[in-house]
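Notes follow the structure.
Naming: A, B, ... by sequence-line order, numbering from 1 per chain. Values in this document were obtained by computation on a predicted structure and should not be read as measured data.
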Amino acid sequence: MTRLVEVRSRILKENDVLARGLRDRFQQAGVCVISFVSSPGSGKTTFLEKLMFRLSPRHRIAALVGDLATENDAARLSRACTQVRQITTGTICHLDAKMIDKALEGWRLEDLDFLFIENVGNLVCPSGYDLGEQVRVVLLSATEGEDKPLKYPTIFNTADVALITKIDLAAAAEFDREAAHRSILSVRPGMKVLEVSAKTGEGMDETEALFESLLAPA
Amino acid sequence: MHELSIALSMIEQIEEQSAKHPGTVRSVQVKVGVLSGVDAEALRFAWELAREGTDLAATLLEIESVPLLVRCPACGNTHTPDIQSILCPRCITPEQDILAGRELMLVSLEIDS
Ligand SMILES: Nc1nc2c(ncn2[C@@H]2O[C@H](COP(=O)(O)OP(=O)(O)OP(=O)(O)O)[C@@H](O)[C@H]2O)c(=O)[nH]1
Ligand SMILES: [Mg+2]
Ligand SMILES: [Zn+2]
């Protein structure tokens with residue numbers, strides 16, 4: 001005899017449940033958690049280092065950074081902020097809620113204003129994994145194609161803010177800024193899009209202000 | 001390739017169910033939304049790897065792919081857009097509410113006993 005057993009469960013429910021728990025903890029502790037995703041080398045670490053230098057005189061900051069291997073990015077971020085932990089994922093191409101939970105061990109979240117999470121450089125795999133973050137930022141550099149968002153709609157669709165990075169290279173790379181904005185907005189209508197350069201500082205004031213506006217009123 | 005960890009969670013959930021409903025799992029039905037971040041082809045490949053050494057060697061994996069379905073918050077129109085261009089064709093409001101297309105779900109199992 002053959003029976004049909006209805007299950008109807010989300011395949012990533014274990015991650016979703018853990019992420020919801022993290023989100024509650026972050027909210028209770030009053031820490032604003034922002035994650036960053038992009039393809040490898042789009043400028044996540046460089047941007048974060050600059051951003052943290054700017055924010056650290058006024059705010060208490062920590063960062064987690066995911067990479068397949070090496071502690072290099074954590075070492076770079078430690079120049080801007082003392083509480084940094086590297087998550088090396090080995091063969092896994094994305095961070096998940098369990099890794100975040102484990103990496104936070106021993107940190108007092110109540111003592112933080114911002115927690116930044118740099119995901120593994122990958123535009124595909126991180127999209128389905130909720131990390132409990134309040135805001136997900138996707139980066140697209142001026143040296144990548146303007147149509148990247150059309151090729152990777154899922155990650156752009158799950159993000160809240162898009163940063164076009166390395167904008168100082170736009171002219172040299174013949175990067176069409178308007179086309180880039182258009183393709184971002186066609187996959188994720190209404191998304192906040194900012195252009196930045198970690199090198200020249202262009203757009204950094206605006207980005208900093210955007211993130212500060214997310215902080216819960218003291 | 002994150003489909004491997006997805007296939008492993010799937011197998012875990014299937015095994016939980018088959019512990020409750022003894023028999024042989026003949027087939028599993030899975031829904032994969034176009035905006036789930038999972039590629040059906042890659043999931044099949046990962047499933048082959050992940051089921052090695054389990055009792056699911058003869059189980060058929062049936063993947064239903066779910067298109068994007070959105071509702072316009074301005075005019076109430078529902079439509080199934082191309083994921084590259086989501087806006088409302090009726091009133092061109094850009095932001096749409098997603099009704100379906102994000103799911104990644106183990107729907108059901110067929111068990112022979
Ligand atoms: N010209 C210019 N170069 C930049 C800028 N931001 C980053 N870069 C360069 O881009 C390269 C990659 O930057 P990273 O910050 O390491 O990129 P990432 O996204 O953290 O890389 P992964 O963690 O490996 O995915 C480095 O050589 C940076 O110096 C920028 O605003 N302008
Ligand atoms: Mg990095
Ligand atoms: Zn409409």
Mind checking the CE-CD1 spacing from A:Met1 to B:Ile111? Nearest 0.5 Å is all I need. 10.5 Å
Taking all atoms of both residues into account, what is the closest heavy-atom pair of B:Pro22 and A:Arg3, and its distance? O-NH2, 4.2 Å
Identify the heavy atoms of A:Ser127 and B:Gly37 that sit nearest to each other, and give their distance. OG-CA, 3.7 Å
Under 4.5 Å from any heavy atom of chain A, what part of B:Gln96 do you find: side chain, backbone, both or neither? neither
If you round to the nearest 0.5 Å, how far is CD1 of B:Ile83 from CZ of A:Phe156? 13.0 Å
Given the options A:Ser183, A:Gly128, A:Pro126, A:Gly190, which has more heavy-atom pairs under 4.5 Å with chain B than any of the others? A:Gly190
For A:Leu12, does its backbone N or O pair with a side-chain atom of B:Ser9 as donor and acceptor, under 3.5 Å? no
Let's test your reading of the structure: which of A:Thr154, A:Thr158, A:Ile92, A:Val5 forms the most heavy-atom pairs below 4.5 Å with chain B? A:Val5
Heavy-atom pair with the smallest gap, counting every atom of B:Glu95 and A:Pro189: CG-O, 3.1 Å
Considering residues, nucleotides and ligands other than A:Arg23, do more than 12 of their heavy atoms fall under 6.0 Å from its CZ? yes
4.5 Å side-chain heavy-atom contact, B:Gln29 and A:Val7: no
With a 4.5 angstrom heavy-atom cut-off, is it the side chain or the backbone of B:Glu103 that approaches chain A, or both, or neither? neither
Counting neighbours of CD1 on B:Ile92 that are heavy atoms of other residues, nucleotides or ligands and sit closer than 6.0 Å, is the number greater than 12? no
Any side-chain donor paired with an acceptor under 3.5 Å for A:Ser9 and B:Gln13? yes
The reported gap from OG1 in A:Thr91 to CG in B:Leu4 (rounded to nearest 0.5 angstrom) is 8.5 Å
Just checking B:Asp55: does its CG atom have more than 12 heavy atoms from other residues, nucleotides or ligands closer to it than 6.0 angstrom? no
Looking at CG of B:Leu109 and CG of A:Leu4, how far apart are the two atoms once the value is rounded to the nearest 0.5 Å? 8.0 Å
Crowding at CD, A:Gln134 (>12 non-hydrogen neighbours, <6.0 Å): yes
Would you say CD of A:Gln27 has more than 12 non-hydrogen atoms from neighbouring residues, nucleotides or ligands within 6.0 angstrom? no
Structural part of B:Ser36 lying under 4.5 Å from a heavy atom of chain A: backbone
Quick one: which of B:Thr24, B:Ile98, B:Leu106 has the most heavy-atom pairs under 4.5 Å with chain A, could you say? B:Leu106
Do the non-hydrogen side-chain atoms of B:Val38 and A:Ile11 ever get within less than 4.5 Å of each other? no
Heavy-atom distance under 4.5 Å to chain A: side chain of B:Gln17, backbone, both or neither? side chain
Counting only heavy atoms closer than 4.5 Å, note whether A:Tyr152 contacts chain B via side chain, backbone, both or neither. neither
Please classify the contact between B:Val30 and chain A as side chain, backbone, both or neither, with a heavy-atom cut-off of under 4.5 Å. side chain
